[in-house]
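Right, one structure below, let's go through it.
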Amino acid sequence: MATVRFRVNGKARSVDADPSTPLLWVLRDHLQLTGTKYGCGIAQCGACTVHLNGGAVPSCQVRLEDLSGADVVTIEGLSKQGDHFLQKLWVELNVPQCGYCQAGMLMAAADLLKKNARPSDADIDGALSNICRCGTYPRVRMAIHRAVAEQS
Amino acid sequence: MNDLSMDRRSFLVSATVFAGGMALGAARAAGQPGRSGPWGADAPAGIELSPWIEIAPDDVVTVRVPTPEIGNGAMTQVAMNVTEELGCDWSKVRAEFASIHRDFVEGGSYTSGFLPFFSGHGTDPVRMKQALQLGASARERLKAAAAARWKVPVDEIETRPSLLVHQPTGRKLRFGEVAAEAGRIKLAAEPALKSQSEWTFLGKASPGKLNLPEMVKGETVYGIDVQLPGMVYAALMQAPAQGGRLKSHQPEAVLRMPGVRAVVVVDPAKTKGAPVKPKATFGLQGTAAQSGVAVIADHYWQAKMALDALPVEWDAGPGAQWTSTEAINEARRAILAKAAGKSIRKAGDVDAVSGGKVVEGLYATPLCENATLEPLNGTALVTGDAVEAWLPSQDQGQAFWVVVDETGIAPEKVKVHQTYVGGGFGRRTLSDDARMVLAVAKEYPGKPVKVIWSREETMRQGRYRNPVMTRFKAILDEQTGLPKAVSAEANATGMALPMGYADMPYFTSGIIPNVRLATSDLPLNILTGAYRAPCYNSHAFITETFIDECAIAAGIDPLEYRLRLLGKWDKSWSDCLKIAAEKAGWGKPLTKGEGRGIAISNWPKGALRNEGTTMCMVAHVAVSEEGTISVKQVDVAFDCGRVANQDAVRAQIEGGVIFGLNTALNEEVTVKDGAIVEGNFDEYPILRLADAPRLINVHFDALSNNDRFEMIGEAPMGPIGPAVGNAIFQATGKRLRTTPFRKHDLSRTAADIASETGVVVTSLSR
């Protein structure tokens, strides 16, 4: 066991657990932040995507021992009131179906737009490799296009 | 229809004001977003106008919905149905899941008069009518309460959204101001429903799902997100070859690992059995516990680490006879070679037909896994003589009775709470997963136990898509090119449904004079179950590929051929074909290496007129020199009668196209020594955003306006696979008779592609 201090959604947190525990399970089981989802555990599906020090990563691949001093943002911290422009568009365009993948999808999309305000379709394809079993991809793409149009 | 008189109770007054009513710290959703669940109270709560409708003093209307929400919008649809008649402001409507415990204790508050289960879609005719009636009844009682308050005749009162207005004086009351009084009013007679032409909401508005604002904040509580005080976690492993047994394990090797509390064994013989006759929706067959072992720990990661380290030996059992997928295919071919199948549709005499071109083929689909993105899981607390469970079930009426059966606890002591569901696609209908949760939790009583299947365990312990292998043969009429005889045998395993096969109007409408369709069964130890649109997802691919081959053999355009074959059938089928083709630019020239294909089918009632959802798709496909398939455009025309929420229907069709496309292009689990080989998404590919067709055009022009609001989620699983396969044939001249297509080599040289001419031989005659 090891105590590791880092920040989650702007708050200082301290977690005492096995150093190998993936950030995914630290968030879900130790910090009760269940918006970040377990889908595959091997960085294939993207359901567990969070922002680590400003960039999108699969949280299943980050170990607790590597988090010391890190800054983590989860879906719960993407905006204060759930009013990030992507969250609003996701509701307006009825993007989610079952919704299980959508936290990861939103975190990946927010990261893309932060780094590239006018992504091409190829940029979107490259940045969003998240799996959605319900098949919401057309609406995800549409929402990102709308976001680009509205932000510019 | 006398379901309403049978079900008076649902409309009766029960103005009871209870606080909370929650057990074990699982607080109700109200006031505690994020950490609470979407499940409703197990006893009357709030100001109720029926067990279904609660109206709070601030006008918030809570609709208690028995239908789970798996992403199709069924929860929202039921609330919409109530809203249409109640006349409340949609922005004040919320929904929660009805309690099956309450349903049981009260003798059917939610089930009577309905299909006897909690599953299904939001526009089933019986359910839809009852939801409308519940809304109308509540509205009339609100009006009566306002009339009593004002001492005026009730017919002077009109409703505005969430308002009651006294017309002569303009006085107003909010719904919430009179809800408690309304709850005590009993109507002399149930009010008549509006005619559909008077609807102002259903079929007019297209609201998004009610739960989206929470969902985009990560607050939606799926099964895997349930949090309870004192909860512990279990990681589960079942016999790798289904039906196998735990031979030995060494718990002492892991009991000292951090956080580990116990190692428990799941022994199917320990299923207690229900103390009363269970009324499970689908029966209990196929829900048996599987031999397994679980590690229980303070946190899931600890449980998983210990399970991975646990020395375990298994007896493979009889499933090991299936040494490979090829062994299964060989067994299927051997059964078909005997031609001893059971006839399920017969017309004329196929054996007496001779002469004419013969079209013959062997087609097959594989085992596939539902791959819901939320892995299987569930949480349960077993104490002495009671049990409480939180389950991401597709059918509470099934889950409840499985819990009763596994624990042997009396149903009145059983509480099952419906969570949100991170994808169902049929995997969570039988509740075999719920049984495993209880089988583990009952070995560790007194603490809530959250049992999580890893992705690998979820994928290797599926209830797989029923694989179908079919031999089809047609003899074509020399003049018309249409079949004068069709014979076939479809081999499946377990539950065999005819949709997309024996119910296709080609074979039922009489246009083909001689028909013999048979089925046969392959007993398989690998367990099969419901996978989005069971059997239809195979049969429609096979039938529509075969029909395409007949068209090509006859030298007739595949669209024209289908129109002729449907000449004795409903116009709606022909409309779907024509509209999808026209919108897709059928017949217009394409670049070399590209093709268009068409297919049509109906879920779930193809053989009946004005029933089910008929759906036609045209796929535009490009196949590269390397053999990579890309689907550029899909045009969809369909007839489900009418639609209640256009955008919800569009979303289901878009998603269904992509799901079905993945089935056709990518999906197969393979078998080695009775166990499933593939474990995760690196071995079981799922289409990503980059791979999805850029254009999925959903056309509403083929709707017949027949008075039905048929289910929509399954229908796309029929036509998409064959439309793409038929397009691949047009593009390359290669006929794909088995899925997944990615396992076929479609590569060819640039010179080959340049010489491809397309194989449509006649132009359209219309």
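Everything numeric in this text was worked out from a predicted model, so none of it was measured. Throughout, a chain's letter reflects where its sequence line sits, starting with A, and its residues are numbered from 1.
Shown are Val140(A), Ile131(A), Leu86(A); of these, the side chain to side chain contact (heavy atoms under 4.5 Å, CB included) with Met105(A) is made only by Val140(A).
Checked against ring pair (Phe, Tyr, Trp, His ring centres under 6.0 Å), Tyr531(B) has the following partners two or more places apart in sequence or in another chain: Phe659(B).
Without hydrogens or angle criteria, Arg455(B) side chain to Gly39(A) main chain gives a donor-acceptor distance under 3.5 Å.
Between the side chains of Glu69(B) and Gln418(B), no donor-acceptor pair of N or O atoms lies under 3.5 Å.
Heavy atoms of Ser20(A) lying under 4.5 Å from chain B belong to its backbone as well as its side chain. In this structure, the portion of Asn662(B) lying under 4.5 Å from any heavy atom of chain A is its side chain and not its backbone. Both the backbone and the side chain of Gln87(A) come within contact range of chain B, judged by heavy atoms closer than 4.5 Å. Proximity to chain A is absent for every atom of Thr458(B), based on heavy atoms less than 4.5 angstrom apart. Leu106(A) touches chain B through its side chain: at least one heavy atom from C-beta onward sits under 4.5 Å away, while N, CA, C and O do not. Using a 4.5 Å cut-off between heavy atoms, Trp25(A) touches chain B through its side chain atoms alone. In this structure, the portion of Gln81(A) lying under 4.5 Å from any heavy atom of chain B is its backbone and not its side chain.
A salt bridge links Glu150(A) with Arg146(A); the closest basic N to acidic carboxylate O contact falls under 4.0 Å.
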Distance-only check: which donor-acceptor pairs under 3.5 Å involve side-chain atoms of residues 45-54 of chain A, not counting sequence neighbours?
residue  : atom : partner   : partner atom : Å
Thr49(A) : OG1  : Gly46(A)  : O            : 2.6
His51(A) : NE2  : Met107(A) : O            : 2.7
Asn53(A) : OD1  : Asp71(A)  : N            : 2.8

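Of residues 111-119 of chain A, no residue lies under 4.5 Å from chain B by any heavy-atom pair.
Sorted by first then second residue, the salt bridge (charged side-chain N to carboxylate O under 4.0 Å, His left out) pairs that include residues 55-64 of chain A, not counting sequence neighbours, are Arg63(A)-Glu65(A).
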